[in-house]
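Here is the structure we will look at.
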Amino acid sequence: MSNTEIIDILELTAKLMELHDGDAFKIKSFQTAAFNLDKTSEDLTKLSFPELIKLPGVGKAVAGKVLQIVETGRLQDLDDLLAQTPEGVLQMFRIKGIGAKKIRMLWRELGIDTIRDLRLACESGEIARIKGFGEKTQQAILDSLVFLENQTGKLRMDKAEALANMLLDVFEKEFSRVEITGQVRQKAEEVETVQFVISTANPVAAFAFLNSLSYLEQNVIESTPFVWRGQASGYEVMLEIVTAAPGQFESQLFIHSAAEKHLATTGSTGWTLLQTSMAFPAEAEEAVYQRAGLPYVVPEMREGNHEFVWSQNHSPNDLVTWDALRGILHNHSTYSDGKHSLEQMATYCRELGFQYFGIADHSQTASYAHGLEPYRIRQQHEEIDRLNEQFGGSFRILKGIESDILGDGSLDYDDEILASFDYVVASVHSNLSMTSEKATARLISAIQNPYTTILGHPTGRLLLARAGYPIDYKAVIDACAERGVVIEINASPWRLDIDWRWIQYAISKGVMLSINPDAHEMAGFHDMHYGVGVARKGGLTKNMTFNALTLKEMETYLQSRRQRI
């Protein structure tokens, strides 16, 4: 049981209590506790009752509930509420724009208790006629329903990778060789199929082993004599396990690690990659390309888009790697909504081998995230100066801020305060329902501010949860090119924003990209692996990666930029 799982249970309990018109004070106590516990660095599973009630926002009643969750893995209050709640009503909590009170009205007053009925009611105009809803809310619900339908059966990159690695540990004990392939290996941001290739001379025996695992369920209709298809318990995503004879393993590994368009590419021999891999059993993937007369392409880039044009001027060694990164620039601490202190975050960053740590806590308008008022900025800068003295010259904390881009495109502080930072990450966090024209103009206005150094998570998307706001990508990237603004690849697996498909256009315009974890705790630094994965997928090279600059190069760049303001 992790902190996240405990908090999720408390949050869902609060939502369902509100849905069932429960006691307002009790609802508030659950909400407050969940909000505060989300920011604690303590391991809740190891705390006693007296220790729990010392935590901010945790009273005796909720502390008892936390202990119940830790001890049993369940909460009786939640079980009772779930028993009273139709599955369709529960699913409505995934819909953006409506909360428990509106869901209760739809259910109790209109008798809508399935997603299908809700969609029909929206399409007929019935929802717009309800007091407190209207046309705008109805359309927002309908848009969210369409979005959620398109996400069914998918997993975020991090969840898919975790599932794949868990199964890999099991499969490796049974088979001589197993490799994760498909979308997970290709670093897709959303995964529909978790795929493996296993080496075996006996597919029948392999299927028998797979079917002996209680947590796997085969879809017999979708399976073939050589490909097991089904699902893992608790996951809607498809699971596919390809059996390959030992002599065919490398060829099958290659075929199942590339998109159809990539495999259809014809080399100088006149054969496609697919034809070559099937005709000549390969001892390594590189040999397939060599026999086809094509340059080798890493798995991440095998999409059939720009990879062979890219290869005319680059080699795989040019691609960005974790080891090429010298610092991390978008991070949060307990000064705003982070779980760990500035010193803890910086120290861990240094321990990971980086040369600089950029703190970019939220700005003052982000009151929900304890955004920094000017006096707290001064306090933070004083602490940074003290810590930098302790670290010496080989490692440095850079003074940054994640400034909210306000509705009119302006930044969140006046010029005097903005000038006190080494750099500014400008991001949108509110008013996400603008038209493409207004959203684009808003971003361009922020980009044109001389203090903007990095454009943070440009579309604000949350993968499988919220579509990004619509923007004219080319116009935004062109504006960054004109003003010398770096674009962020937000490495959080929830975001991975900017979309990797626009990386090549940005590079073609001379725009550098910065891979940032948006870390709110020390463990968040490791999300950089996801950012590196999609950056490589988009063909990002080391020399166009902003935070591949050394400390000295970064200091020179930032100083030069400030002098131009």
Side-chain angles (χ1 to χ4, degrees), residues 4 7-8 11-12 15 34-35 38 90-103 106 115 118-119 122 127 133 136-160 188-192 236-237 330 332 337 362 365-366 368-369 402 404-407 425-440 442-443 446 455-473 476 487-502 516-520 524 527 530-531 534:
T4 299
I7 293 161
D8 286 346
E11 288 180 339
L12 181 57
K15 288 177 181 178
F35 179 82
D38 191 41
L90 195 61
Q91 291 174 355
M92 292 181 196
F93 282 98
R94 297 177 61 198
I95 300 169
K96 298 298 178 184
I98 58 173
K101 291 181 180 178
K102 280 189 165 63
I103 294 173
L106 293 170
I115 294 294
L118 178 57
R119 179 164 185 167
C122 286
I127 300 300
F133 282 78
K136 188 175 180 181
T137 299
Q138 176 177 272
Q139 188 58 49
I141 293 172
L142 193 55
D143 290 344
S144 183
L145 287 172
V146 171
F147 176 79
L148 290 173
E149 283 179 13
N150 291 333
Q151 312 310 309
T152 302
K154 296 180 182 178
L155 284 177
R156 292 194 322 263
M157 178 191 285
D158 59 322
K159 299 291 186 181
E189 65 270 44
E190 296 174 356
V191 174
E192 297 177 30
E236 292 183 2
V237 70
H330 182 175
H332 299 269
D337 60 343
H362 286 284
T365 295
Y368 61 90
E402 185 180 22
D404 266 29
I405 299 175
L406 306 182
V425 179
S427 306
V428 170
H429 291 106
S430 59
N431 196 1
L432 306 180
S433 58
M434 288 183 171
T435 63
S436 177
E437 292 77 12
K438 288 185 177 180
T440 300
R442 181 187 188 185
L443 289 185
L455 177 63
H457 47 71
T459 75
R461 73 181 186 183
L462 295 177
L463 293 168
L464 302 185
R466 180 180 74 202
Y469 40 87
I471 63 170
D472 182 334
Y473 278 93
V476 169
I487 295 178
E488 176 178 76
I489 300 175
N490 190 291
S492 166
W494 282 94
R495 295 188 182 275
L496 297 176
D497 183 21
I498 189 169
D499 192 294
W500 63 267
R501 295 163 186 84
W502 288 98
N516 296 321
D518 199 353
H520 287 67
D527 286 349
Y530 305 120
V534 295

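Along the sequence shown, residues are numbered consecutively beginning with 1. We use all heavy atoms of the structure for the numbers below, so side chains are in, but hydrogens, waters and symmetry mates are not. The structure presented is a predicted model; accordingly, all values stated were derived computationally and were not measured.
Residues D527 and P493 form a side-chain contact, since some pair of their non-hydrogen atoms from C-beta on lies under 4.5 Å apart. Side-chain contact check for Y473 versus R501: every heavy-atom pair is 4.5 Å or farther apart.
Under the side chain to side chain donor-acceptor pair (under 3.5 Å) criterion, T459 pairs with D497, sequence neighbours left out. Shown here are the side chain to side chain donor-acceptor pair (under 3.5 Å) partners of R156, two or more places apart in sequence or in another chain: D158. With sequence neighbours left out, the salt bridge (charged side-chain N to carboxylate O under 4.0 Å, His left out) criterion links E488 to no other residue. D38 is linked by a salt bridge (charged side-chain N to carboxylate O under 4.0 Å, His left out) to nothing, counting only residues two or more places apart in sequence or in another chain. By the side chain to side chain contact (heavy atoms under 4.5 Å, CB included) test, K136 pairs with no residue at all, sequence neighbours left out. Applying the side chain to side chain contact (heavy atoms under 4.5 Å, CB included) rule to E192 yields the partners K154, Q183; only residues at least two apart in sequence or on another chain are considered. Not counting sequence neighbours, the partners of R461 by the salt bridge (charged side-chain N to carboxylate O under 4.0 Å, His left out) test are D499. F133 pairs by the ring pair (Phe, Tyr, Trp, His ring centres under 6.0 Å) definition with nothing, not counting sequence neighbours. For A426, the side chain to side chain contact (heavy atoms under 4.5 Å, CB included) partners at least two apart in sequence or on another chain are I405, L411, T452. The side chain to side chain contact (heavy atoms under 4.5 Å, CB included) search around T152 returns E236, not counting sequence neighbours. Residues passing the side chain to side chain donor-acceptor pair (under 3.5 Å) test with D518, sequence neighbours excluded: H330, H332, N490.
When every heavy atom of V191 is checked against every heavy atom of V237, the shortest pair comes out as O-CG2, 3.6 Å.
Annotation: the span from I487 atom CD1 to I498 atom CD1 amounts to 4.5 Å, rounded to 0.5 Å. With rounding to the nearest 0.5 Å, the separation of NZ in K15 from CD in E11 is 6.5 Å.
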Side-chain donor/acceptor pairs under 3.5 Å, residues 139-148, sequence neighbours excluded:
unit_1: Q139; atom_1: NE2; unit_2: D143; atom_2: OD1; d: 2.8
unit_1: S144; atom_1: OG; unit_2: K96; atom_2: N; d: 3.1

Apply the test side-chain contact (heavy atoms from CB on, under 4.5 Å) to residues L106 and I127: give CA-CA distance (whole Å), side-chain angles for both, the deciding distance (0.1 Å), then the verdict.
CA-CA 9 Å; L106 293 170; I127 300 300; 3.5 Å; yes
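Around CH2 of W494, the count of heavy atoms belonging to other residues, nucleotides or ligands within 6.0 Å does not exceed 12.
Counting only distance, with no hydrogens or angles, the side chain of R94 and the backbone of A465 share no donor-acceptor pair below 3.5 Å.
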